[in-house]
Amino acid sequence: MDAVHFIQQTLAQAQFRLRATCDGLDDAQARWRPAPEANCVGFILWHLARTEDNLASGEQGLDTLWAGDGWHARFGNDVETPAVLADRQSALALDIPPLPLLLDYQAAAAERTRALLATLTAGDLDQPSRSWPEMQLADVLRHLATHKNNHHGQIDFLRGLQQDDWDLPPGTGVRLPDDA
């Protein structure tokens with residue numbers, strides 16, 4: 001297996017598990033915080049999607065989906081709302097949109113990443129990143145995989161706090177479905 005294919009599978013598995021973790025959530029659960037200043041599932045999804053959109057769009061030299069496809073307007077945000085909010089109060093003040101909208105944006109960002117990966121060869125991974133020129137593209141993709149898995153774990157944990165019998169559907173951690 002070549003490196004690009006491995007990265008494709010890694011990110012596809014992270015996406016598959018993230019979606020499985022969010023399956024069955026409702027808006028109230030997505031906005032629930034275990035403590036007044038803790039992140040909620042909705043904020044984590046928003047942040048994940050914004051970060052993936054920025055990275056994948058930047059690597060392709062495209063406008064972000066947030067700005068170019070109008071996701072900011074659908075969320076009721078300003079186009080300049082950053083993916084990483086500068087302080088805790090800004091993050092807590094963010095209006096969390098309905099869960100289906102969050103999941104649609106997150107899926108669009110993941111699709112943008114898939115489109116990027118479909119254009120790459122193993123040799124491209126050693127090239128400087130367009131998003132972070134001080135890093136190689138491989139470093140940016142490694143960061144994306146780690147970032148996505150870290151936040152998936154947070155969402156999984158929040159589901160467990162809300163639902164005593166929560167667990168990922170059987171098989172979601174073992175292998176990708178044939179159609180992924």
Side-chain angles (χ1 to χ4, degrees), residues 8-57 64-114 141 143-180:
Q8 287 170 322
Q9 286 192 332
T10 298
L11 289 172
Q13 182 72 30
Q15 179 68 17
F16 176 65
R17 291 186 63 167
L18 177 66
R19 296 300 289 218
T21 300
C22 293
D23 191 39
L25 277 174
D26 60 33
D27 286 334
Q29 290 171 305
R31 290 184 178 102
W32 178 81
R33 297 175 191 277
E37 294 193 11
N39 286 334
C40 63
V41 169
F43 175 79
I44 296 167
L45 284 171
W46 176 86
H47 166 71
L48 258 176
R50 292 280 287 122
T51 301
E52 186 164 9
D53 180 11
N54 284 342
L55 290 176
S57 297
T64 61
L65 298 166
W66 183 255
D69 285 9
W71 283 95
H72 69 283
R74 291 179 230 178
F75 279 56
N77 290 150
D78 190 299
V79 73
E80 278 83 31
T81 303
V84 178
L85 297 169
D87 59 59
R88 188 57 140 173
Q89 294 311 310
S90 297
L92 292 170
L94 185 72
D95 186 31
I96 303 299
L99 185 61
L101 185 61
L102 280 165
L103 292 171
D104 287 349
Y105 178 47
Q106 200 283 318
E111 182 55 41
R112 175 128 318 161
T113 299
R114 278 191 290 281
L141 293 171
H143 169 75
L144 179 58
T146 302
H147 189 251
K148 206 165 193 165
N149 277 308
N150 284 343
H151 288 309
H152 164 260
Q154 291 173 328
I155 292 170
D156 191 31
F157 179 75
L158 289 170
R159 291 284 319 254
L161 289 176
Q162 294 180 62
Q163 184 179 342
D164 287 340
D165 63 346
W166 165 250
D167 197 5
L168 279 169
T172 57
V174 179
R175 66 182 287 274
L176 286 168
D178 294 333
D179 61 350

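Excluded from the calculations below are hydrogen atoms, water molecules and symmetry mates; all remaining heavy atoms, backbone and side chain alike, are included.
With values rounded to the nearest 0.5 angstrom, Asn149 atom CG is found 7.5 Å from Arg17 atom CZ. Distance CG/Asp26 to CZ/Arg31: 9.5 Å, rounded to 0.5 Å. Rounding to the nearest 0.5 Å gives a distance of 10.5 Å between OG1 of Thr10 and CG of Leu144. Distance check, rounded to the nearest 0.5 Å: OG1 of Thr146 to CG of Leu141 gives 10.5 Å. Atom-to-atom distance recorded for Gln154:CD and Thr21:OG1 is 12.0 Å, nearest 0.5 angstrom. Interatomic distance, Leu11 CG to Gln13 CD, rounded to the nearest 0.5 Å: 11.0 Å.
Between His147 and Thr51, some side-chain heavy-atom pair lies under the 4.5 Å cut-off. In this structure, the side chains of Ile44 and His47 stay at 4.5 Å or more apart for every pair of heavy atoms. Residues Leu45 and Leu103 form a side-chain contact, since some pair of their non-hydrogen atoms from C-beta on lies under 4.5 Å apart. Residues Leu55 and Thr113 have side chains not in contact (no heavy-atom distance under 4.5 Å, counting atoms from C-beta outward). Put simply, the side chain of Val41 does not reach to within 4.5 Å of the side chain of Gln29, judged on heavy atoms. For the pair Trp32 and Cys40, the minimum side-chain heavy-atom distance is 4.5 Å or more. Annotation: side chain of Trp66 is in contact with side chain of Asn77 (closest heavy-atom distance under 4.5 Å). Using a 4.5 Å heavy-atom threshold, the side chains of Leu102 and Ile96 count as touching.
Among all heavy-atom pairs drawn from Pro34 and Leu161, the shortest one is CB-CD1, 4.0 Å. Minimum interatomic distance between Asp23 and Arg159 (heavy atoms only, all atoms of both residues): O-NH1, 3.1 Å. Contact record, Ala109 with Asp53: CB-N, 3.9 Å, taken as the closest heavy-atom pair. Residues Asp27 and Pro100 share a closest heavy-atom pair of OD1-CD, 4.0 Å.
Asp69 places no side-chain N or O within donor-acceptor distance of the main-chain N or O of Trp71, the cut-off being under 3.5 Å.
For Asp165, the CG atom sits in a packed shell: over 12 heavy atoms of surrounding residues, nucleotides or ligands are nearer than 6.0 Å.
Between Tyr105 and Trp46, a ring centre-to-centre spacing not shorter than 6.0 Å is recorded.
For His152, the ring-ring contact (aromatic ring centres under 6.0 Å, His included) criterion is met by no residue, not counting sequence neighbours. A search for side-chain hydrogen bond (donor to acceptor under 3.5 Å, both in side chains) contacts involving Asp156 returns Trp166, not counting sequence neighbours.
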Begin from the C-alpha positions of Glu52 and Lys148 and carry the test salt bridge (charged side-chain N to carboxylate O under 4.0 Å, His left out) through to its verdict. CA-CA 9 Å; Glu52 186 164 9; Lys148 206 165 193 165; 2.8 Å; yes
Arg112/Ser57 under side chain to side chain donor-acceptor pair (under 3.5 Å): CA gap, chis, key distance, verdict:
CA-CA 7 Å; Arg112 175 128 318 161; Ser57 297; 2.8 Å; yes
